[in-house]
Amino acid sequence: MKKLIAGNWKMNGSLAANEVLLAGIKAGLATVESPCDVAVCIPGIYMPQVQTLLANSGVAWGAQDVSAHESGAYTGETSGAMLREFACRYALVGHSERRQYHGESDAAVAAKAQRALAFGITPIVCVGESLAERESGETMTVVKRQLAAVIHAVGHCVSEVVVAYEPVWAIGTGRTASPEQAQEVHAVLRAQLVAASTRGQGPRILYGGSMNAANAADLLGQPDIDGGLIGGASLKVPDFLSIIAAASLIR
Ligand code: 13P
């Protein structure tokens, strides 16, 4: 299975900065032999710009959230249909920053995943435990509960999603999960997904949380780590390209 490296820009960027960043990524990607799959998840306001800049580039683009509703009186939200108009391929759902700052419940996240699929957008479903949950030995219970809500909502269509394991304590902290720690959780998620899915291996499972040029190869070398969801390092051309290069070498 080809790895997927997805950048999550979070609330960063500007018209000028996006242009420079994407030009750098496109130029670098052209030099990689049989590259892995690559995507960038961007602030929604830049969707038209990024669609133009990435047309026919082989780099896909995604949103960082999608509404659980089809249309109507939901101030501030963006529907899957609107995202589709800009050929948006992916939408992050349930990122820990949205669970934490916007109070998104497991059920809300599952509804978003379901709605994204209905509009032909691949949800990248984020799961992960807090530091307190890890320290009290609840990691597996938490991630399995978060994923079970999505499986319950989408059924066999779970084969069509992407899952991202992002331990909250590793996000933006420089404190990465060790390859063994990440693999342990990915194996549990894999078993849960295979049981629910109609396709052999089930969907891809990405790791996210302080992945960078130095640690990417070790993490991506684990049997159940199918790619990365990259925050800070996706904003720096050389770093993002190094991660892509590492992912492209491992099949
Ligand atoms: P960092 O790579 O900056 O730790 O962010 C990870 C993340 O949250 C990606 O969604």
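In this chain, numbering begins with 1 at the start of the sequence shown. If you're wondering where the values come from, they're calculated on a predicted model, not measured in any experiment.
Applying the ring-ring contact (aromatic ring centres under 6.0 Å, His included) test to residues at least two apart or on different chains, none of the pairs has a partner in residues 90-131. Residue pairs meeting the ring-ring contact (aromatic ring centres under 6.0 Å, His included) criterion with at least one member in residues 198-231, sequence neighbours excluded, do not occur. Residue pairs satisfying the ring-ring contact (aromatic ring centres under 6.0 Å, His included) criterion with at least one member in residues 38-74, sequence neighbours excluded, are listed as follows: His69-Tyr74. Sorted by first then second residue, the side chain to side chain donor-acceptor pair (under 3.5 Å) pairs that include residues 216-228, not counting sequence neighbours, are Gln183-Asp224, Arg190-Asp224, Arg190-Asp226. Sorted by first and then second residue, the ring-ring contact (aromatic ring centres under 6.0 Å, His included) pairs with a member in residues 183-206 read Tyr165-His186; sequence neighbours excluded.
Within the 3.5 Å criterion, the main-chain N or O of Gly128 finds no donor-acceptor partner in the side chain of Arg99.
Pro203 places a side-chain heavy atom less than 4.5 Å from the side chain of Leu193. Using a 4.5 Å heavy-atom threshold, the side chains of Gln64 and Glu97 count as separate.
Considering all non-hydrogen atoms of both residues, Leu54 and Ala60 come closest at CD1-O, 4.3 Å. Nearest heavy-atom pair across Pro167 and Ala177 is CG-CB, 4.2 Å. Taking every heavy atom of both residues into account, Cys88 and Ala63 meet most closely at SG-N, 3.6 Å. Looking at every heavy atom in both residues, Ile5 comes nearest to Cys36 through CG1-SG, 3.8 Å. When all heavy atoms of Ser248 and Pro35 are compared, the pair lying nearest together is OG-CA, 3.4 Å. Considering all non-hydrogen atoms of both residues, Gly221 and Ile250 come closest at N-CD1, 3.9 Å.
For Lys112, the salt bridge (Lys or Arg N to Asp or Glu O under 4.0 Å) partners two or more places apart in sequence, or in a different chain, are Asp65, Glu104. Arg145 pairs by the salt bridge (Lys or Arg N to Asp or Glu O under 4.0 Å) definition with Asp106, not counting sequence neighbours. Residues satisfying the salt bridge (Lys or Arg N to Asp or Glu O under 4.0 Å) test with Glu19, not counting sequence neighbours, are none.
A continuous path of Ile, Leu, Val, Met, Phe, Trp and Tyr side chains, each step under 4.5 Å between heavy atoms, connects Val50 with Phe86, placing both in one hydrophobic cluster. Follow the hydrophobic side-chain contacts under 4.5 Å out from Leu92 and you never reach Val109; the two are in separate clusters. Both Leu22 and Met47 are part of a single hydrophobic cluster, where members link through side-chain heavy atoms under 4.5 Å apart. With hydrophobic clusters built from ILVMFWY side chains whose heavy atoms lie under 4.5 angstrom apart, Ile205 does not share a cluster with Ile124. Hydrophobic clustering (side-chain heavy atoms under 4.5 Å, transitive across Ile, Leu, Val, Met, Phe, Trp, Tyr) groups Trp9 together with Leu15.
Atom NZ in Lys3 sits 8.0 Å away from atom CE in Met1 (nearest 0.5 Å). Rounding to the nearest 0.5 Å gives a distance of 7.5 Å between CE of Met82 and OG of Ser71. Distance check: Ile171 CD1 to Ser96 OG gives 3.0 Å after rounding to the nearest 0.5 Å.
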Would you be so kind as to tabulate the donor-acceptor pairs closer than 3.5 Å made by side chains of residues 233-244, with sequence neighbours excluded?
{"residue": "Ser234", "atom": "OG", "partner": "Ile230", "partner atom": "O", "Å": "3.2"}
{"residue": "Ser234", "atom": "OG", "partner": "Gly231", "partner atom": "O", "Å": "2.8"}
{"residue": "Ser242", "atom": "OG", "partner": "Pro238", "partner atom": "O", "Å": "2.9"}

Under 3.5 Å, which donor-acceptor pairs link side chains of residues 37-45 to any protein atom two or more places apart or in another chain?
{"residue": "Asp37", "atom": "OD2", "partner": "Arg204", "partner atom": "NH1", "Å": "3.0"}
{"residue": "Asp37", "atom": "OD2", "partner": "Arg204", "partner atom": "NH2", "Å": "3.2"}

Show me the side-chain donor-acceptor pairs of residues 25-33 shorter than 3.5 Å, one per line, residues at least two apart or across chains.
{"residue": "Lys26", "atom": "NZ", "partner": "Leu53", "partner atom": "O", "Å": "2.6"}
{"residue": "Thr31", "atom": "OG1", "partner": "Gly28", "partner atom": "O", "Å": "2.6"}

Please list, one pair per line, the donor and acceptor atoms closer than 3.5 Å that link side chains of residues 150-164 to other protein atoms, with sequence neighbours excluded.
{"residue": "His156", "atom": "ND1", "partner": "Ala196", "partner atom": "O", "Å": "3.2"}
{"residue": "Ser159", "atom": "OG", "partner": "His156", "partner atom": "O", "Å": "3.0"}
{"residue": "Ser159", "atom": "OG", "partner": "Ser197", "partner atom": "OG", "Å": "3.2"}

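Heavy atoms from other residues, nucleotides or ligands lying under 6.0 Å from CZ of Arg89 number 12 at most.
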One pair to check against side-chain contact (heavy atoms from CB on, under 4.5 Å): Arg134 and Gln181. What are the steps and the verdict? CA-CA 11 Å; Arg134 172 158 287 264; Gln181 279 175 322; 3.7 Å; yes
Is there a side-chain contact (heavy atoms from CB on, under 4.5 Å) between Val185 and Met140? Walk through the geometry before answering. CA-CA 7 Å; Val185 178; Met140 302 307 181; 3.9 Å; yes
side-chain contact (heavy atoms from CB on, under 4.5 Å) between Val125 and Gln146, intermediate numbers included: CA-CA 9 Å; Val125 176; Gln146 291 172 335; over 6 Å; no
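For the residue pair Ser130 / Glu133, a side-chain donor-acceptor distance below 3.5 Å is found, with atom types taken as modelled.
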